[in-house]
Amino acid sequence: MDMLLIEKKWRERWEKDKLYSFNKARLDKKYYVLEMFSYPSAARLHVGHWYNYGPSDSFAKFKRMQGYEVFEPMGFDAFGLPAENFAIKTGIHPKDSTYKNIITMEEQLKQMNASFDWDYELKTCSPDYYRWTQWIFLQLFKAGLAYRKEAPVNWCNSCNTVLANEQVIDGRCERCSHEIVRRNLTQWFFKITDYAEELLQDLDKLDWPQKTLAMQRNWIGKSIGGEVEFQIENGGSFRVFTTRADTLHGVSYVVLAPEHPLVMQLVTDEKRDTVAKYIDMCSKASEIDRLSSTREKTGEFIGAYAINPINNERIPILIADYALYSYGTGAVMGVPAHDERDFAFATKYNLPITRVIGGKDGKDDLPFTEHGTLVNSGTHNGLLSKAAIETILNSLEAEGKGGKKINYRLRDWLVSRQRYWGCPIPIVHCDCCGEVAIPEDQLPVELPYNVDFTPNGKSPLGKCDEYINTVCPKCGKPAKREEDTLDTFVCSSWYYLRYPDAKNDKMPFDPELINKMLPVDKYIGGAEHACMHLLYARFFTKALRDLGYLKFDEPFTSLVHQGLILGPDGNKMSKSRGNVVSPDSIIQKVGADAFRLYLMFGFSYIEGGPWNETGIDSIVKFIERIERIVTSTYKARGAHKDMNKAEKDLNFVRHNTIKRVTADTEIFSFNTAIARLMELVNALNKYDTVREKNIEFMKSVCLDLVLLIAPFTPCFAEELYEIIGGKGSVLNVSYPIFNPECLIRDEYELAVQINSKNRDKIMVGSTLSNAEIIVIAKAAANIASAIDGKTIVKEIVIPKRLVNIVIK
RNA sequence: GCCAAAGUGGUGAAAUGGCAGACGCGCUGGACUCAAAAUCCAGUGGGGGCAACCUCGUGCGGGUUCGAGUCCCGCCUUUGGCACCA
C-alpha cells in the first residue's frame, strides 16, 4: 500500500464529508477531548507535537467509535515572547510572523490524520478572541479580583519584564534562564489567593495524576496555625504568624521583614544608618542569593523592644531577610530552642535560647523541633504541644491578642507584562477618576500595529502616543491607557471555554451551551504546567462560576500527562545540544499512521524516553502483516463452517484482544494495547495454516481487527475497510465489544506448586470445583511422589492460575 | 534539607499479592531461493545437566505471607517538584 497516497486520499474524503464536524444535536453524548494548544513556532512540528497529539487523537477516535460525539478542537496560543524576540532580531513584525507560522502549522497538523474540527479553531492573538480575554479581565476587575498594587516583583533583565512567581525557576527566568532581581513596581494582580482553600479542597474531586495533585497542594501550601500580637515597648503592636504557639514561652526575639513598614518607624536614631544599609543590601540581592537556604542568616537589631504577650518578657526586635514580607504578617517570632533556623540565627547573634518543650527519653539536644510536653512555660507546663496550641491560641483570642489563623504559600498572580505582543489591558488611568474600565461595548482595545518594541525596560505600548493617549470613559478628560499587556497565561486560562462557541461575537461563550459542553472530559498535555496553566485555569473557572457565567467547579475532569521524548543521547531535545530529531523524513518514508503507531508502541505514553528509531521498520512490517492477512482472507473461499478447537482458540484471542485493547486504550496504555493487536495478528496467521478453514469466521475476525486498529492507524484502516467492502467511514462503525462467554475456556492449564515451587502442570476442566482440582493436582506425576508420606499443611487453589500444596 | 516517583534480560518494555520477562527489537538456527532480499517457522535471563529436569534471578539488607517485582521497615542510586513559608 502506498501509505502517503492513501493518507492523502482519506484526508481529502474526510474533509469533503465533514467527518469530524461536531454535531450539537448529540450533546447528550458529548465527549470533550482536549490537547493543550501550541505556540505557533516557526520550526516544523517536532516529535513532541506528534507525541502529544497523535496518541491522544487515537484516544479521541476510540471514543468516537464507542458512540460518543467527540469534540476535539485545535488552536493556537499565539501571543508571547518568542515572536517578539524574533521581531527584535529580524525586524519582522510579531503579527506577521505569527500568522505565517499558524498557516504552516495548520497544514502540518492536518497531515497528522487527526480528528480536529477546524471550524472551532481559535487564535489567542486575534481581536475576536482577545476581545473576550479583556472582557473577562473587566469582570474580574469589577468583582475586585483584579487589582493593582505596588509590590516587590520578579524582574528579568533579559526579557525586560516582570514574571509571576510560578515563572521563576531557581531564581532564574523560566524562559531565558537569566537571573531574576527584585523591583518595586505597581502591577496588576489576580486575586487567586481568594480561592486558595477551594483550589486545594477540589483537588480531591479530580482524576489527575497523583504527582500533579501533590504539586498543586504544595504550591498552595496550606499552613494551619495562629497569629500572636506583640505590643511594642514604646507603643503600637504587630502580629506574627506561627504554627507553634506552644513554644510561645520560648520566644527570645522577633524578626520583621526588611520591607516591613514598621521598621523605619521603630528604628532608634543610633541604629538608623546600619538598618537602612541592611535594607538597601537586601533589596539589591538577587533572587538566587536570597533563595539560598544554605547561606548564613543575616540580620540587624533595630534598637526597639517588644513584649511577649504570654509572659510579658521584653524581647529585642530585629530585621532579617529570612522573614518574608509577602508571607503571613511579614513578622516572625524567634524560638531558638525549637526551630533550626532560629537556633542558627540566635547562636550567631547571641540571643537567649530557652527550652520550653521537653525532649524524648531524657535527651536534651537542641534544637528540638518535634512536638512534646511543655516545660518552663508557667501555667502551661505539662501540656502536650497539640493541647497547648489550642489553649494558648484560645486565650489569646479571648484577650484580643491573636487567635487561630490559616496561611497559604500561594501568592496573588501577577499578570502585567512590560511587553508588546500580548493582550492589552482594557483600563484607562485618569487623573480624576483613577483606574477606569473601558466600557464593554468598546472592546476590543486593539493592539496597535506600528509600535517600537525595542526593549528598554519600558512597556512598548507606553511609547506609542496614538495608543496611550485617550480620554477617560467616565469624565471625558484626557487620560492614558494602561501600557502593560497581560501574561499569556491569562489567554490560555479560558480557551477551553471558548472552543465550543468559538465564533460567538456577542459574548465570550454562551453559558447554556458551555454548561453542557464542559468540563473537558480528557485533557492531555505536559506536566510542566502543573503549577501554572492548570492552576490558573482552575481559578478562572471558579471565578467565572461565582460571577454567574458557569455552573461547574472544575474545568478538567480527567488529566493525562504525556511523557517527554528525549534526544537519542537521553537528554532533553534542544537546539543548543544538537540532539533534536525531526520526524519529517520518517513521515515522508512511512507515513503519519505508521509514525503515530510507532510512537504509541515504542514508549510507555506517560513515561516517554530517549528517542530510538530502530523499531519503526517493525511497525511497518506489522502494518503490512495486517494488510496481507486481511486481504488474503477476503479473497479466499471455503465452505467449512465448523467451530472446532482451532476456531475456538482464535475466537478466544479475538475476544481477549477486544477486551484488553479497550481497557488499555481507556487508560492511555497504548503500547500494551498494540501488543494485544499483534497477538491477534499472530493468532490469525497461525489459524491461516489450518487445512480446513472457516473462512466466514476468519473474515469476521479480520473485520474486528480492522476496527480495533482504526483509531491507531486511521487512514490505513479506512483503506482496508474499503477493500473488504465496508461502506462509509470505518470510524463511524461501532468499536467491537467482547463477549465474556468466548473468554471461558473448556479447560485451563494450572501450575502445581509444592511449597510455592513449580513442580508440575495439569489441565483441568473449567467447571471443576477447587476440591476436584486438588484431587487431580495430587495425582500428577511429579506431585504424587513428592507428597507421598508427607503431612499436607495447606492446599491453595487460585482459579485459572495455580495450585499450591504446602507440606511439612 | 523536605515531598513524590522510579530502579526488571543485550535492548524498548510487560506483569488486580499467584507460573517474572507479555509484545517488539536484536541475535542464533531452519524453511523457501541458483543466490540475495522479502516472507514464514523455531530458539533466545544466568549457571548446571546428554536428558526429563535442577538451581539462582526484578538496585541492596531485613520483614509480613503458603506465595513478594508488587505490601511493610531501613539503606543506595536516578529523575522530577519544593526549598529561609515561620
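None of the values given here were measured: they were computed from a predicted structure. Chain naming here is simple, since letters A, B, ... match the order of the sequence lines and numbering starts at 1 in each.
Sorted by first and then second residue, the side chain to side chain donor-acceptor pair (under 3.5 Å) pairs with a member in residues 597-607 of chain A form an empty list; sequence neighbours excluded. Pairs passing the salt bridge (charged side-chain N to carboxylate O under 4.0 Å, His left out) check and including a residue from residues 525-536 of chain A, sequence neighbours excluded, do not occur.
Applying the ring-ring contact (aromatic ring centres under 6.0 Å, His included) criterion to A:Trp50, with sequence neighbours excluded, gives A:Phe595. Residues passing the side chain to side chain contact (heavy atoms under 4.5 Å, CB included) test with A:Leu564, sequence neighbours excluded: A:Leu566, A:Lys572.
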Please tabulate, one pair per line, each protein N/O and nucleotide N/O from nucleotides 45-56 of chain B that are separated by under 3.5 Å, including the distance.
unit_1 : atom_1 : unit_2   : atom_2 : d
B:rC56 : OP2    : A:Lys757 : NZ     : 3.3

Any N/O pairs under 3.5 Å between the protein and nucleotides 27-31 of chain B? List them or say none.
none

Contacts under 3.5 Å, N or O only, protein and nucleotides 39-41 of chain B:
unit_1 : atom_1 : unit_2   : atom_2 : d
B:rU39 : O3'    : A:Arg628 : NH2    : 3.4
B:rC40 : OP1    : A:Arg625 : NH1    : 2.8

Using a cutoff of under 3.5 Å, can you pull out all pairs of nitrogen or oxygen atoms linking the protein to nucleotides 13-15 of chain B, with atom names and distances?
unit_1 : atom_1 : unit_2   : atom_2 : d
B:rA13 : O3'    : A:Asn671 : ND2    : 3.2
B:rA14 : OP1    : A:Ser604 : OG     : 3.1
B:rA14 : OP1    : A:Asn671 : ND2    : 3.2

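Comparing B:rG47 with B:rA36, their C1' atoms sit 39 Å apart, to the nearest whole Å. To the nearest whole angstrom, the two P atoms, one in B:rG67 and one in B:rG48, are 30 Å apart. With both ends at atom P, the span from B:rG45 to B:rG24 equals 15 Å, rounded to whole Å.
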Let me have the donor-acceptor pairs involving side chains of residues 795-808 of chain A, under 3.5 Å, with sequence neighbours excluded, atom names and distances please.
unit_1   : atom_1 : unit_2   : atom_2 : d
A:Glu795 : OE2    : A:Lys778 : NZ     : 2.5
A:Asn804 : OD1    : A:Ser756 : N      : 3.0
A:Asn804 : ND2    : A:Ser756 : OG     : 3.2

What donor-acceptor contacts under 3.5 angstrom involve side-chain atoms of residues 668-685 of chain A, with partners at least two apart or in another chain?
unit_1   : atom_1 : unit_2   : atom_2 : d
A:Ser669 : OG     : A:Thr672 : OG1    : 2.6
A:Thr672 : OG1    : A:Asp664 : OD2    : 2.9
A:Thr672 : OG1    : A:Ser669 : O      : 2.9
A:Arg676 : NE     : A:Glu679 : OE1    : 3.0
A:Arg676 : NH2    : A:Glu679 : OE2    : 3.2
A:Asn682 : OD1    : A:Arg625 : NH2    : 2.3
A:Asn682 : ND2    : A:Met678 : O      : 3.4
A:Asn685 : ND2    : A:Val681 : O      : 3.3

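A:Tyr325 has its OH atom 19 Å from the P atom of B:rA86, to the nearest Å. Between A:Asp664 atom CG and B:rC23 atom P the separation is 14 Å, expressed in whole Å. Atom CD of A:Gln753 is separated from atom C1' of B:rA68 by 13 Å (rounded to the nearest Å). Note: CG (A:Asp617) to P (B:rC25) measures 10 Å, nearest angstrom. With rounding to whole Å, A:Leu677 atom CG is found 11 Å from B:rC23 atom C1'. Remark: P of B:rA86 and CG of A:Asp321 are 17 Å apart, rounded to the nearest angstrom. Counting to the nearest Å, the P atom of B:rA5 and the CZ atom of A:Arg217 are 12 Å from each other. Note: CD1 (A:Ile796) to C1' (B:rC66) measures 4 Å, nearest angstrom.
In RNA chain B, stems built from 3 or more consecutive Watson-Crick or G-U wobble pairs, each with both distances under 3.5 Å, span B:1-7 with B:76-82, B:10-12 with B:23-25, B:26-31 with B:39-44, B:45-48 with B:53-56, B:59-63 with B:71-75.
Remark: A:Glu666 CD is packed, more than 12 non-hydrogen atoms of other residues, nucleotides or ligands lying under 6.0 Å away. Shown here is A:Lys659, whose NZ atom has no more than 12 heavy atoms of other residues, nucleotides or ligands within 6.0 Å.
Between A:Tyr327 and B:rA86 there is a side-chain N or O to OP1 or OP2 distance below 4.0 Å.
Projected onto RNA chain B by closest heavy-atom contact, A:Ala331 and A:Leu750 fall at different nucleotides, the more 5' of which corresponds to A:Leu750.
Here the closest non-hydrogen pair linking A:His655 and A:Phe738 is O-CB, 3.4 Å. The shortest heavy-atom contact between A:Asp204 and A:Arg217 is OD1-NH2, 3.2 Å. When all heavy atoms of A:Phe241 and A:Lys405 are compared, the pair lying nearest together is CE1-O, 3.5 Å. For the pair A:Ala323 and A:Ala257, the tightest heavy-atom approach, listed with the atom from each and the gap, is O-CB, 3.3 Å.
Look at B:rG9: its glycosidic torsion is within 90° of 0, and that puts it in the syn range.
In this pair, A:His533 and A:His529 present their aromatic rings perpendicular. The plane angle is above 60°, beyond the 30 to 60° band.
Put simply, the side chain of A:Asn804 and the base of B:rC66 share a donor and an acceptor less than 3.5 Å apart.
The shortest side-chain heavy-atom distance between A:Pro55 and A:Gln562 does not fall under the 4.5 Å cut-off. Side-chain contact check for A:Glu340 versus A:Pro367: some heavy-atom pair is nearer than 4.5 Å.
Side chains of A:Thr193 and A:Asp412: a donor on one and an acceptor on the other come within 3.5 Å.
A:Lys297 and A:Asp342 are not joined by a salt bridge, as no carboxylate oxygen comes within less than 4.0 angstrom of a charged side-chain nitrogen.
One finds the CD1 atom of A:Ile565 at 7.0 Å from the CH2 atom of A:Trp611 (value rounded to the nearest 0.5 Å).
Ring centers of A:Phe345 and A:Tyr253: under 6.0 Å apart, within the cut-off.
If you check residues 333-346 of chain A against RNA chain B, the residues with a heavy atom closer than 4.0 Å are A:Arg341, listed by number.
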